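Report on the structure given below.
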Amino acid sequence: MRRNKDTDNGFFWLSYSDLMTSMFFLMFILFIVGVVRFSSLKTQLKPFEKYIAVIEQQKEEIQRLTAFKDKYEEIMAIYKAVDNIDPEYFEFNKEYLKHIFRIQVTYQTGKYKLNELRQDASWSEAYNPAEAETIRKHVVEAGEEIKRTIMKLQENDSLNTNIKYLVVVEGQASADGYNRNEYLNNNVLSYQRALSLHEFWRDYAGIDFTKMPGCELVIAGSGEGGVPRAPRLSQSDDSQNQRFLIHIVPVIGDIHLSELSNTREKIINTYPATNIDSISW
């Protein structure tokens with residue numbers, strides 16, 4: 001018996017249409033089930049969202065603290081290297097992280113230039129031109145030692161190349177009560193002596209920390225205050241504090257004092273054995 005071709009084709013398309021409708025309905029059902037399951041899962045996970053957010057914050061904080069730890073360790077490595085500066089000219093004070101000028105520079109009262117030492121004054125009992133020249137020679141050598149130390153640090157491949165150095169030259173004055181007015185007193189005098197030291201190094205020895213790459217100079221005067229202070233030789237003699245303090249401060253990248261302050265406690269918790277209070281924050 002011969003089948004009708006038109007009837008067969010109609011049957012085929014009717015079956016195909018039913019099949020596609022069934023598949024669409026099945027996919028729709030699965031979609032609805034998926035949406036319901038997802039909503040249910042989202043509801044179940046909702047209490048954990050705050051914990052996930054906290055974990056993410058802690059992760060970011062750990063990364064930031066790790067980066068800071070690396071900077072801190074590098075700064076400590078630099079301070080250790082600076083500690084080895086020639087002890088003939090400097091004594092390193094670990095409590096304040098400053099180098100004390102070992103060269104005794106005693107000025108005439110109210111004077112601040114390095115050619116106005118007591119040994120330069122013909123009327124002084126300490127008058128000794130040869131000794132004055134020797135003192136100035138040692139002052140030049142001390143400046144060269146600071147310059148060499150910074151250059152060695154800059155050439156050290158194991159250290160971060162993004163390090164800058166803050167060289168603080170701090171003048172101190174003897175507590176002799178010199179205070180004629182607001183311009184002539186030990187506070188101003190100590191600053192003038194520190195500035196004069198920089199100018200002496202620059203003009204007579206070609207040592208200019210303001211011209212060194214990656215280096216910045218700060219001139220300071222602490223007058224009869226400042227730390228550390230040398231003990232008096234006698235009740236009336238505080239001449240040992242007519243001196244200079246040198247502070248070489250490494251600054252890595254964009255590290256800021258505010259960042260140091262905010263993470264101080266975290267560093268203590270991370271390195272409980274560290275004497276972090278010896279660092280100026």
Side-chain angles (χ1 to χ4, degrees), residues 88-93 95-147 166-211 216-249 280:
E88 180 181 352
Y89 303 112
F90 300 97
E91 175 189 345
F92 186 65
N93 184 287
E95 182 178 2
Y96 298 105
L97 299 179
K98 295 179 181 180
H99 287 86
I100 302 170
F101 227 45
R102 296 179 68 97
I103 305 164
Q104 186 60 52
V105 181
T106 308
Y107 292 88
Q108 301 169 38
T109 302
K111 303 298 183 180
Y112 57 88
K113 294 184 178 180
L114 279 165
N115 61 354
E116 297 175 324
L117 306 179
R118 286 189 183 178
Q119 291 87 344
D120 290 310
S122 58
W123 47 264
S124 171
E125 293 181 359
Y127 180 62
N128 189 331
E131 183 180 349
E133 286 304 317
T134 299
I135 291 172
R136 284 186 278 271
K137 177 176 175 290
H138 289 325
V139 168
V140 169
E141 292 169 350
E144 290 172 342
E145 177 64 17
I146 296 172
K147 182 179 178 180
L166 200 64
V167 180
V168 182
V169 179
E170 177 187 347
Q172 286 186 315
S174 55
D176 57 5
Y178 176 73
N179 187 9
R180 295 184 181 178
N181 54 49
E182 61 180 321
Y183 303 108
L184 299 174
N185 56 65
N186 277 330
N187 288 330
V188 175
L189 199 58
S190 61
Y191 172 80
Q192 289 175 321
R193 288 172 177 171
L195 179 60
S196 178
L197 175 62
H198 156 63
E199 292 171 343
F200 178 80
W201 277 337
R202 181 194 63 198
D203 299 339
Y204 293 93
I207 304 168
D208 190 351
F209 297 110
T210 65
K211 301 297 184 184
E216 184 176 345
L217 177 68
V218 174
I219 304 296
S222 55
E224 297 179 12
V227 289
R229 295 282 294 181
R232 285 178 173 271
L233 294 175
S234 68
Q235 187 63 31
S236 59
D237 189 353
D238 193 36
S239 59
Q240 284 195 115
N241 282 303
Q242 286 190 24
R243 64 181 186 178
F244 300 102
L245 305 176
I246 309 296
H247 194 185
I248 302 174
V249 185
S280 299

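Computed from a predicted structure; not experimentally measured.
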(request) For side-chain contact (heavy atoms from CB on, under 4.5 Å), just list the numbers for Phe200 and Val140, CA-CA rounded to whole Å, side-chain angles, deciding distance to a tenth of an Å, and then say yes or no. (result) CA-CA 8 Å; Phe200 178 80; Val140 169; 3.5 Å; yes
Nearest 0.5 Å, what's the [atom1]-[atom2] distance between [X] and [Y]?
| X | Y | atom1 | atom2 | value |
| --- | --- | --- | --- | --- |
| Glu199 | Asp208 | CD | CG | 10.5 Å |
| Thr210 | Ile219 | OG1 | CD1 | 9.0 Å |
| Asn187 | Asn179 | CG | CG | 8.0 Å |
| Glu170 | Leu197 | CD | CG | 12.5 Å |
| Ile135 | Gln119 | CD1 | CD | 4.0 Å |
| Tyr183 | Gln192 | OH | CD | 12.5 Å |

(request) Taking salt bridge (charged side-chain N to carboxylate O under 4.0 Å, His left out) as the test, write out the residues that go with Glu133, two or more places apart. (result) Arg136
(request) Tell me, please, which residues at least two apart from Arg202 pass salt bridge (charged side-chain N to carboxylate O under 4.0 Å, His left out). (result) none
What heavy-atom pair brings [X] and [Y] nearest, and what distance separates the two atoms?
| X | Y | value |
| --- | --- | --- |
| Ile100 | Pro228 | CD1-CG, 3.8 Å |
| Pro231 | Gln240 | O-NE2, 2.9 Å |
| Leu117 | Ala132 | CD1-O, 4.3 Å |

How about [X] and [Y]: do any of their side-chain heavy atoms sit closer than 4.5 Å?
| X | Y | value |
| --- | --- | --- |
| Asn93 | Glu91 | no |
| Glu145 | Glu88 | no |
| Ser190 | Gln172 | no |

(request) Would you please test Asn186 and Asp176 for side-chain contact (heavy atoms from CB on, under 4.5 Å) and show each step? (result) CA-CA 9 Å; Asn186 277 330; Asp176 57 5; 2.9 Å; yes
(request) Mind jotting down which residue pairs meet the salt bridge (charged side-chain N to carboxylate O under 4.0 Å, His left out) criterion with at least one end in residues 224-235? Sequence neighbours excluded, please. (result)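 Qualifying pairs: Arg229-Asp238.
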(request) Starting from the C-alpha separation in whole Å, work towards a yes-or-no answer on side-chain contact (heavy atoms from CB on, under 4.5 Å) for Arg102 and His138. (result) CA-CA 10 Å; Arg102 296 179 68 97; His138 289 325; over 6 Å; no
(request) If a pair satisfies side-chain hydrogen bond (donor to acceptor under 3.5 Å, both in side chains) and one of its residues is in residues 105-118, list it, with sequence neighbours excluded. (result)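 Counting only pairs at least two positions apart or across chains, no side-chain hydrogen bond (donor to acceptor under 3.5 Å, both in side chains) contact touches residues 105-118.
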(message) Taking ring pair (Phe, Tyr, Trp, His ring centres under 6.0 Å) as the definition, give me every residue that meets it alongside Tyr178, ordered by chain and number, with sequence neighbours left out.
(response) none
(request) Only counting residues at least two apart or in another chain, list the ones meeting ring pair (Phe, Tyr, Trp, His ring centres under 6.0 Å) with Tyr127. (result)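 With neighbours one apart ignored, the set is empty.
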(message) Can a donor-acceptor pair be found, under 3.5 Å and without considering hydrogens, that links the side chain of Trp201 to the backbone of Ala142?
(response)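 No, because the side chain of Trp201 does not come within donor-acceptor range (under 3.5 Å) of the backbone of Ala142.
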(request) Going by the side-chain contact (heavy atoms from CB on, under 4.5 Å) test, name the single residue among Val169, Leu166, Val168 that passes it with Leu217. (result) Val169
(request) Apply side-chain contact (heavy atoms from CB on, under 4.5 Å) to the pair Ile146 and Phe209, showing each step before the final yes or no. (result) CA-CA 9 Å; Ile146 296 172; Phe209 297 110; 3.5 Å; yes
(message) Check the orientation of Phe90 and His99. Use parallel for under 30°, tilted for 30 to 60°, and perpendicular for over 60°.
(response) perpendicular
